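The chains referred to below are lettered A, B, ... by the order of the sequence lines, with proteins before strands, and numbering in each begins at 1. Bear in mind the structure is a predicted one, so any value in this text is a computation, not a measurement.
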Amino acid sequence: MISRRAFMKAGSLALVSLGADPLFVDRAAYALRHAGGRARGRTLVCLFQRGAVDGLSMVVPVADPAYWTNRRRIAIARPELLALDGQFALHPRLAPLRALWDRKQLAIVHAVGSPSLTRSHFDAQDFMETGAPDQRSTTDGWANRYCQNPTQHADTPFRSVAFGAQLPRTLAGSAPALAIKDLRTFGLREAREDGDRPLTTAFESLYGGNATGLVASSAAEGFEAIRMLRVANPANIGTANGAEYPRGELGSSMRQVAQLIRADLGVEIAFVDVGGWDTHVNQGAAQGQLATRLNDLGAAIGAFVTDLGDRMADVALITMSEFGRTVRENGTGGTDHGHGTAMFVIGGDVRGGAVHGNWPGLGADALHEGRDLAVTTDFRTLFSEVLQGHLGAVDLKGVFPGFTGSPTLGVYPSS
Amino acid sequence: MAALVATSLMAAPLPAQVAMSTRDSARHLLDRLGYGQAPGNVESIARTGVLQWVEAQLNEPGVDRALAARETRFEVLSVPTRDMVAMHAGQVRRAAADTAAGRRAPARTMADASNGRSLRSLNAELAAVTLVRAVEAEAQLHEVLADFWLNHFNVFVNKGFDRAYFRDYLERTIRPNVMGTFSALLSATAHSPAMLFYLDNAKSVAQRTGDERDRTPRVGMVGRRRGVDPARPPAASRAPSGLNENYARELLELHTVGVDGGYTQQDVVDVARILTGWSVGRGNQGPGFVFNARQHDRGAKQVLGVTFPAGGGEEEGARLLSMLAMHPATMRHVSGKLCARLVSDETAPGCIDAAVAAWRASGGSIAEVVRAIVHAPDFWAPENHHAKFKSPLEFVVSAVRAIGARPDGTPRLAQQLALLGQPLFQQTVPTGYPESEEAWTNSGALLARMNFAIALAAGSIPGVTTDLDRIVPATADQAALIDGINRDILGGALGPRTRETIARDIAGITDPVAARARAVGLALGGPEFQRQ
């Protein structure tokens with residue numbers, strides 16, 4: 001991968017020669033593909049299910065009698081379930097994930113969550129994003145802190161990228177981070193009559209001359225990202241292997257993540273939000289509200305993996321949600337705010353085809369505060385293990401401050 | 001005593017006159033006590049005198065006829081509170097009925113059957129009128145402080161009944177109190193349905209006692225429930241079931257003494273106990289503050305070393321709030337936030353000391369505290385001049401003011417502000433929006449500001465009427481054009497390199513109107529205009 005500094009130099013050359021010298025474009029694109037020590041970088045995709053997903057419906061504990069007795073209306077009928085290992089089964093609408101399970105590309109962690117006892121969505125999301133449960137003074141995100149060590153990371157404004165209008169807390173902090181609503185419209189809106197006087201050039205000159213500190217570096221990263229996107233043009237990369245993304249925001253975001261990865265822009269962390277999991281009312285079972293959301297989730301992930309093909313060897317995708325939902329269905333056919341939930345880890349190098357973590361059971365004595373799936377795996381244990389196992393992180397003390405639990409899940413083979 | 005302090009402070013000369021020209025002083029005051037210069041402001045202040053302008057801004061604003069005339073066109077300012085509450089209740093009922101009938105995502109969830117208006121559109125009007133006021137009010141300091149206090153006592157407009165309570169929160173709780181005493185403002189927020197609902201105090205009731213309590217899962221007490229939960233509360237806590245610490249904790253941590261204010265978890269619990277029974281009226285009671293004596297914890301409490309004897313009722317809450325409003329840690333914490341807004345992101349101890357002294361001497365008069373800050377040397381220090389990075393709100397309002405543009409009163413300008421990252425009234429967490437440069441600076445946000453500036457200058461931002469002819473004439477003399485922009489829009493802030501860059505950029509544009517739009521857009525989107 002090309003270094004940011006090198007590209008900035010090449011980029012200023014491009015300002016005068018782009019268009020006049022098509023060779024430069026080819027050279028830059030070539031450099032993007034082949035420069036750097038490692039042929040291809042590794043990427044972690046974080047998919048945040050905002051609203052607290054019902055982990056017990058995603059990964060159903062079929063062998064636990066309490067699942068059936070507590071959920072007379074919303075339990076998913078046995079014949080519909082996609083069996084995994086006798087103890088657990090997947091929601092029928094997650095069929096694409098079942099195929100990944102069979103190929104050992106899907107690992108599941110159940111009864112995972114935060115040690116914080118809050119039942120507030122916003123609190124719990126904040127804690128999961130800062131990676132510092134109940135530590136309110138933490139303002140930056142765990143993924144940004146991971147990216148802050150300059151010697152361990154690729155020198156690119158695309159080190160961490162979120163799809164959306166605003167930067168999520170997970171990526172906020174001093175390391176480069178981009179929020180991109182749409183790859184096709186990112187940048188400055190150049191009018192056609194400005195063709196020979198690009199706004200980007202003018203503003204870059206303004207900020208290069210008079211801005212200082214964070215404003216200067218953030219602006220520089222923005223301009224550089226615009227240029228790199230212009231050269232690499234990921235939005236023009238078509239889908240591969242016959243992958244078909246579902247319509248809607250999630251499918252669009254996942255397609256763009258794949259485009260960025262295949263454009264070799266050096267994305268280490270990509271972040272995608274997907275909402276609609278706060279199913280207090282009429283959650284449904286094999287069909288219904290939640291099933292529709294899961295269908296979209298499964299289809300988007302399935303298309304993403306198909307699209308990337310062999311490239312999945314370098315990619316890990318992890319799902320997360322701020323907490324789970326009550327074991328017992330409520331009076332309106334839904335579930336309320338709970339504690340533990342389930343998370344997926346998908347990738348070529350994961351120890352797939354297994355449900356990891358200790359299953360506490362749904363018996364009355366095992367429940368958290370008498371009502372929720374207990375948390376037996378701290379989310380930081382899982383995140384640490386993915387950072388180490390997939391991205392090769394060495395020291396995570398600064399990423400999850402105060403967290404002393406050592407990774408023991410075995411989601412990745414120990415090296 | 002307060003009058004004495006005011007007189008003595010007024011007698012002191014402003015440090016400004018030593019360090020800066022009158023015009024520069026005027027611009028700095030407009031940047032910090034207002035949303036930047038509008039056409040003619042600097043000259044007007046230079047004429048009437050800097051000190052006189054500050055004093056006029058520190059008084060309760062008189063009638064602003066032009067603004068008042070515009071305000072009459074906003075229905076949200078006159079809808080009865082009861083109607084808004086009924087609209088929300090109706091929406092909840094219809095949504096439940098639709099759900100029970102198996103209809104998904106009813107299209108009319110947000111529409112009000114009675115007159116076609118919805119709470120969403122009314123609250124969008126509230127954001128629109130807020131921007132009109134920020135841009136056009138003569139009493140600029142009043143608008144800046146209204147935003148400051150609304151943010152200090154943040155409430156998220158879209159949490160349940162707060163959709164119906166928020167208008168009153170802005171118009172009756174915050175705005176009438178922005179220049180009075182901190183004590184009155186604190187008490188108003190504590191009694192407001194919006195805050196009582198947002199931070200869950202409305203459902204905080206005395207804990208059951210004895211063995212019963214020990215066996216009962218204390219749903220209301222688990223963990224921190226900061227922030228909002230727009231969904232329905234868990235089934236187990238739908239009926240009030242115990243103490244809720246949410247408001248008590250934020251009252252101490254955010255509103256008064258601050259996180260380093262020296263309180264303990266037991267203080268939080270006892271503050272919550274003192275405020276048990278403070279709730280919002282239902283049905284025939286009307287949607288105002290109520291004290292439910294039967295839900296009040298009548299035991300003895302102790303907060304920050306002060307004892308509240310057993311048997312107290314509603315009055316012990318008032319006593320608690322008075323004590324907190326004049327607590328030394330509150331003075332320091334809130335003064336520090338005011339100095340950060342009006343002076344510098346970096347802590348300015350001299351400024352805070354001056355503010356605290358004025359707070360103590362005046363019994364917490366906000367006008368006196370602000371006067372002390374303006375008279376503090378830090379306020380005028382050269383390193384604090386043109387140094388603070390604008391929030392998206394400050395950027396948008398100052399850009400619109402700078403070119404003499406007018407918001408058309410539709411919600412469209414507020415939608416632009418939301419795209420820049422600061423949707424009005426929609427910060428979900430009780431901390432409010434951040435004040436610091438780091439929090440607002442990232443690549444995408446800066447690019448969005450550049451896009452906004454170019455579009456604004458070109459007259460293509462929806463919801464704003466632009467007339468650049470009033471400010472800088474279109475001319476073939478590009479040097480004169482750039483000088484005019486620098487003087488009349490940027491207040492002389494453009495550096496030589498920026499002027500050269502703009503000159504180079506527009507050199508080939510022969511159409512004077514196009515050249516002017518481009519030059520103004522670059523100036524407003526450039527680095528100098530991001531600071532105030």
Heavy-atom contact with chain B under 4.5 Å, split by part of A:Leu178: side chain
Exercise: identify the closest heavy-atom pair between B:Arg518 and A:Ala202: NH2-CB, 4.3 Å
Qualifying residues under side chain to side chain donor-acceptor pair (under 3.5 Å), relative to A:Ser160, sequence neighbours excluded: none
Segment of B:Ala523 engaging chain A (4.5 angstrom heavy-atom cut-off): neither
Part of A:Ile226 within contact of chain B (heavy atom distance under 4.5 Å): side chain
A:Arg73 atom CZ, neighbour heavy-atom count above 12 within 6.0 Å: yes
Among B:Gly508, B:Gly421, B:Ala448, residue most engaged with chain A (heavy-atom pairs, under 4.5 Å): B:Gly421
Check: A:Phe186 and B:Leu447 side chains under 4.5 Å, non-hydrogen atoms: yes
Intermediate values then yes/no, side-chain contact (heavy atoms from CB on, under 4.5 Å), B:Arg531 and A:Val215: CA-CA 10 Å; B:Arg531 297 189 182 278; A:Val215 173; 3.6 Å; yes
Straight-line distance of B:Thr441 OG1 to A:Leu167 CG, nearest 0.5 Å: 11.5 Å
Spatial distance of atom OG1 (B:Thr498) from atom CG (A:Leu206) [nearest 0.5 Å]: 5.5 Å
Any B:Ile454 side-chain heavy atom under 4.5 Å of A:Phe203 side chain: yes
Reported CG-to-CE distance for the pair A:Leu199 and B:Met450, which is rounded to 0.5 angstrom: 10.0 Å
Neighbour count above 12 (heavy atom, 6.0 Å) for A:Glu249 CD: no
Residues that A:Gln256 engages under side chain to side chain donor-acceptor pair (under 3.5 Å), provided they are two or more places apart: A:Ser252
Flag if over 12 foreign heavy atoms under 6.0 Å of CD, B:Gln426: yes
Spatial distance of atom CZ (B:Arg497) from atom OG (A:Ser205) [nearest 0.5 Å]: 5.0 Å
Most contacts with chain A, counted as non-hydrogen pairs under 4.5 angstrom, among B:Ile502, B:Ile506, B:Asn451, B:Leu446: B:Asn451
Heavy-atom side-chain proximity of A:Tyr207 to B:Gln530 below 4.5 angstrom: yes
Check: A:Ser218 main-chain N/O paired with B:Ser443 side-chain donor or acceptor under 3.5 Å: yes
Under 4.5 Å from a heavy atom of chain A, the part of B:Glu528 involved: side chain
